[in-house]
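This report refers to the structure that appears directly beneath it.
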Amino acid sequence: MDNKRLARLLFPNVDKTPEYYEKLYPPRNLPEGAKVTRLGPSPTGFIHLGNLFGAITDERLAHQSGGVFFLRIEDTDNKREVEGAVDVIVDTLSYFGVEFDEGAGKSGETGAYGPYWQRQRADIYHCFAKKLVEDGMAYPCFCTEEELADMRRRQEAEKANPGYYGKWAVHRDWDLEHIEAALAEGKPYVLRFRAPDPEGKYFKIRDAIRGELSMPVNDIDFVLLKSDGIPTYHFAHVVDDHLMRTTHVVRGEEWLGTLPFHIALFAALGWKAPVYCHTAQLMKIDGGIKRKLSKRKDPELSLDYYKNEGYLPGAVWEYLMTVLNSNFEDWRLAHPTAPIDDFKFTPNKMSVSGSLFDIDKLNDVSKNYLATLDSETVYKCVTDWAKVCDPEYYELLTRDKDFSTKMISIGRGGKKPRKDISHWKQSKEFYSFFFDELFKIEDDFPENVSDSDRKAILAKYLETYDQNDDQSQWFDKVRAIAEDLGFAPQPKMYKQSPELYKGHVGDVSAVIRVAVTGRQNSPDLWCVQQVLGEKRSLERVRKHI
RNA sequence: GGCCCGAUGGUCAAGCGGCUAAGACACCGCCCUUUCACGGCGGUAUCACGGGUUCGAUUCCCGUUCGGGUCACCA
């Protein structure tokens with residue numbers, strides 16, 4: 001068979017050579033060990049936690065090594081495309097602190113290895129497709145969808161492996177006359193890879209995350225170009241990542257199964273394959289069953305969820321790092337305030353099995369993170385959030401900035417900061433009692449304090465209260481009330497001889513606390529009342545007498 | 001069903017032939033305390049199962065089971 005002639009027949013418009021492109025996209029001039037990574041989302045307009053998970057891996061690998069991280073839009077499936085999707089991808093990732101050095105962007109693209117939209121790279125793919133045909137490594141296949149479906153049915157009946165391979169590859173050895181005739185008739189066709197006869201059954205490959213893998217050598221004549229001339233993911237991946245000089249390919253483990261395709265293609269084109277990093281999937285427990293996070297069922301998969309709930313990007317990043325690199329947590333413990341850039345991220349510390357997404361852990365990480373922020377920053381962040389996500393809360397917070405800042409500063413700073421808040425939505429619940437519009441009694445008064453004692457406590461409190469008391473004067477009075485009414489002035493005393501008392505000063509404070517804040521849990525009472533003001537504090541107390 | 005990957009407490013996990021099997025979250029208890037927190041200390045709880053190999057297996061090999069992924073002109 002005259003492969004050269006077939007190649008000319010199939011690709012009459014290709015006027016460039018592989019050498020031309022090799023020269024156009026020369027190896028990158030980067031320091032030794034610099035990694036080049038990329039994110040290749042399809043423009044569906046949906047970007048999720050899994051994408052961010054991979055993006056952070058790419059970003060760390062590249063930027064930690066002085067390399068390049070670029071964005072390539074994999075728009076080879078036109079059915080999936082959503083308008084404005086690139087903006088969403090760039091904006092969302094940027095919100096979470098992931099920035100690209102090169103590639104597709106909101107206003108065009110930057111970088112010397114473009115175009116970065118795969119649809120615009122048709123000429124390039126065709127050039128290499130032509131080369132594969134010339135080398136006898138690819139051929140046109142005229143099977144219709146029905147024929148393929150029929151083949152699948154027969155394979156099923158024979159219990160043969162599904163796929164277009166071996167004796168099932170009916171167009172594999174068509175001669176030129178047949179092909180020319182079909183072409184002349186205008187029959188649509190796809191270009192298939194001609195899988196070489198496998199020499200061994202298996203090959204070994206090293207994955208940066210998983211170590212050595214053993215895979216069956218590819219024998220499938222998979223599709224390179226679809227009938228519209230657009231490449232499949234497989235072909236585009238190989239051509240692009242070679243020409244864009246990607247050194248490390250980070251992708252989900254769902255690609256493991258087609259890795260033999262890619263390895264075979266790299267070999268057929270005479271190129272060196274990149275280092276692969278197949279990441280584990282983020283899972284979720286649902287009714288006792290561990291499963292992949294799903295777009296439809298799990299709102300927490302969407303990155304908008306974290307934005308809307310008011311999780312800080314930095315906190316989400318910290319959490320993801322704990323899941324991503326098993327030694328991150330220990331490192332963080334040892335370096336509580338070090339910038340995250342100082343942490344050495346390594347693929348071999350990444351988990352191989354799918355981890356459950358753990359919202360408790362996120363909240364914990366987030367609480368610690370928020371506790372390190374100063375009041376001004378918190379005020380700015382929470383109002384920024386509320387402005388778009390909770391206008392009512394925004395109104396309340398900005399009505400009196402001084403008041404809000406004081407409220408926020410309670411228990412903040414110092415050696416032992418409070419850790420009450422994990423995300424802004426929850427901060428509204430936490431701070432609600434500071435605002436009369438939201439204030440309500442949420443917790444019961446302590447049950448070991450009788451109604452009459454409660455009234456007595458509050459009445460005495462009212463009598464002796466002085467807004468000008470400092471914290472210790474204030475508490476001495478509370479203690480005096482406790483003692484008067486038969487409560488131990490110190491918890492320790494009560495513990496030593498509980499039979500002597502009705503309770504201890506903590507119970508007395510709890511009564512006041514519930515009256516003033518509506519809960520048994522609140523920041524320091526004295527501080528709260530300083531912020532709230534005498535009038536409002538005492539009004540709340542008065543209501544319960 | 002074929003193929004691939006995986007399996008350590010409720011969750012995330014360290015571990016790479018020899019330990020009373022780290023640590024974190026959650027949970028429980030205690031301590032500290034001027035209340036609420038923060039913090040400190042401690043506790044419950046794990047090597048999926050069966051065979052090998054070995055003086056010795058959580059660690060290596062083989063099965064089983066279970067979980068996940070994938071088998072498109074989608075990525």
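Residue numbers begin at 1 in each chain, while the letters A, B, ... track the order of the sequences. Below, all heavy atoms of this structure are taken into account, side chains as well, without hydrogens, waters or symmetry copies.
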Are there any protein N/O atoms within less than 3.5 Å of an N/O atom in nucleotides 39-41 of chain B, and if so, which ones and at what distance?
residue: B/G39; atom: OP1; partner: A/Lys419; partner atom: NZ; Å: 2.8

query: Are OP1 or OP2 of B/A75 and a side-chain N or O of A/Lys226 less than 4.0 angstrom apart?
result: yes
task: Check whether any side-chain nitrogen or oxygen of A/Thr76 sits under 4.0 Å from OP1 or OP2 of B/A75, and answer yes or no.
output: yes
message: Please give the distance between the C1' atoms of B/G9 and B/U58 as a whole number of Å.
response: 14 Å
message: Regarding A/Trp255, tell me which of base, sugar-phosphate or nothing describes its non-hydrogen contacts under 4.0 Å with the strands shown.
response: base
field: Centroid separation A/His126 to A/Phe11 less than 6.0 Å
entry: yes
- request: Could you tell me whether a side-chain N or O of A/Thr57 sits under 3.5 Å from a main-chain N or O of A/Phe53, the two making a donor and an acceptor?
  value: yes
task: Spell out, as yes or no, whether a donor-acceptor pair under 3.5 Å connects the side chain of A/Arg540 to the backbone of A/Thr517.
output: no
field: Rounded C1' spacing from B/C55 to B/C71 in Å
entry: 47 Å
- prompt: Does any nucleotide pair with B/C32 by Watson-Crick or G-U wobble geometry, both distances under 3.5 Å, and what is it?
  reply: none
- prompt: Across the strands shown, which category fits A/Val190 at heavy-atom distances under 4.0 angstrom: base, sugar-phosphate, nothing?
  reply: base
message: Say we look at B/A48 and B/U33: how far apart would their C1' atoms be, to the nearest angstrom?
response: 46 Å
- prompt: Out of B/C73, B/U35, B/C25, which nucleotide sits closest to the side chain of A/Asp360?
  reply: B/C25
- request: Compare the minimum distances between each of B/C73, B/U34, B/A24 and the side chain of A/Leu333, then state the nucleotide with the smallest one.
  value: B/A24
From B/A37, B/A22, B/U34, nucleotide with atom closest to A/Asn521 side chain: B/A37
message: The side chain of A/Phe475 is closest to which nucleotide in this list: B/A13, B/U34, B/C36?
response: B/U34
- request: Could you check which of B/A26, B/C73, B/C74 has an atom nearest any side-chain atom of A/Asp77?
  value: B/C74
message: Over all strands shown, is A/Cys143 touching base, sugar-phosphate only, or nothing at heavy-atom distances under 4.0 angstrom?
response: base
task: May I ask which nucleotide in the shown strands pairs with B/A7, Watson-Crick or G-U wobble, both distances under 3.5 Å?
output: B/U65
- request: May I ask which nucleotide in the shown strands pairs with B/G56, Watson-Crick or G-U wobble, both distances under 3.5 Å?
  value: none
task: Please tell me which of A/Thr258 and A/His504 maps to the more 5' nucleotide of RNA chain B, matching each residue to the nucleotide holding its nearest heavy atom.
output: A/His504
message: Rounded to whole Å, please give me the gap between OH in A/Tyr319 and P in B/A24.
response: 17 Å
message: Is it the case that the side chains of A/His278 and A/Arg251 hold a donor-acceptor pair, with the cut-off being a distance below 3.5 Å and no angle test?
response: yes
message: Any base atoms under 4.0 Å from A/Ser42, or only sugar-phosphate, or nothing? Heavy atoms, all strands.
response: sugar-phosphate
task: Could you please name the option among B/A26, B/U35, B/U34 that lies closest to any side-chain atom of A/Asp364?
output: B/A26
- request: Using a heavy-atom cut-off of under 4.0 Å over every strand shown, decide if A/Ser522 touches base, sugar-phosphate, or nothing.
  value: base
- prompt: On RNA chain B, nearest-nucleotide positions of A/Arg152 versus A/Thr232: which is more 5'?
  reply: A/Arg152
field: Given B/U34, B/U33, B/A24, the nucleotide with the shortest approach to the side chain of A/Ser472
entry: B/U34
message: Do A/Tyr319 and A/Met321 have side chains that approach each other closer than 4.5 Å (heavy atoms only, starting at C-beta)?
response: no
message: If I take atom CG in residue A/Leu225 and atom P in nucleotide B/C74, what distance separates them, rounded to the nearest angstrom?
response: 11 Å
task: Establish, with yes or no, whether the OP1 or OP2 oxygen of B/G15 is under 4.0 angstrom from a side-chain nitrogen or oxygen of A/Lys349.
output: yes
query: Is there a donor-acceptor pair closer than 3.5 Å between any side-chain N or O of A/Arg206 and the backbone N or O of A/Gly211?
result: no
Residue A/Asp358, side-chain atoms from C-beta onward, closest of B/U34, B/U11, B/A75: B/U11
task: Verify side chain to side chain donor-acceptor pair (under 3.5 Å) between A/Arg412 and A/Thr372, making sure each step is shown before the conclusion.
output: CA-CA 8 Å; A/Arg412 190 164 291 282; A/Thr372 65; over 6 Å; no
Give me, pair by pair, the N or O atoms of the protein and of nucleotides 1-5 of chain B that are less than 3.5 Å apart, along with how far apart they are.
residue: B/G2; atom: O2'; partner: A/Asn161; partner atom: OD1; Å: 3.2
residue: B/C4; atom: OP1; partner: A/Tyr202; partner atom: OH; Å: 3.3
residue: B/C4; atom: O3'; partner: A/Ser214; partner atom: O; Å: 3.4
residue: B/C5; atom: OP1; partner: A/Ser214; partner atom: O; Å: 3.3
residue: B/C5; atom: O2'; partner: A/Arg210; partner atom: NH1; Å: 2.7

query: Taking the six-membered ring for Trp, are the ring centroids of A/His237 and A/Phe235 within less than 6.0 Å of each other?
result: no
- request: Would you confirm whether the ring centroid of A/His262 sits within less than 6.0 angstrom of the ring centroid of A/Tyr233?
  value: yes
- request: Answer with base, sugar-phosphate or nothing: what part of the nucleic acid does A/Gly163 contact at a heavy-atom distance below 4.0 Å?
  value: nothing
query: Which part of the nucleic acid, if any, lies within reach of A/Arg192 when heavy atoms closer than 4.0 Å are counted: base, sugar-phosphate only, or nothing?
result: sugar-phosphate
message: If you take the centroid of each ring, where Trp contributes its six-membered ring, are A/Tyr189 and A/Phe142 closer together than 6.0 Å?
response: yes
message: Should the side chain of A/Arg513 and the base of B/U35 be counted as holding a donor-acceptor pair, with the cut-off at 3.5 Å?
response: yes
- request: State yes or no: are the ring centers of A/His544 and A/Phe445 separated by less than 6.0 Å?
  value: yes
- prompt: Using purine N1 to pyrimidine N3 plus N6-O4 or O6-N4 for Watson-Crick, or N1-O2 and O6-N3 for G-U wobble, both under 3.5 Å, which nucleotide pairs with B/C27?
  reply: B/G43
- prompt: Looking across every strand, which nucleic acid part, if any, lies under 4.0 Å from A/Pro188 by heavy atom: base, sugar-phosphate, or nothing?
  reply: nothing
- request: Could you work out the separation of B/G40 and B/C5 based on their C1' atoms and round it to a whole Å?
  value: 43 Å
A/Phe261 and A/Phe222 aromatic ring geometry - parallel, tilted or perpendicular at 30°/60° bounds: parallel
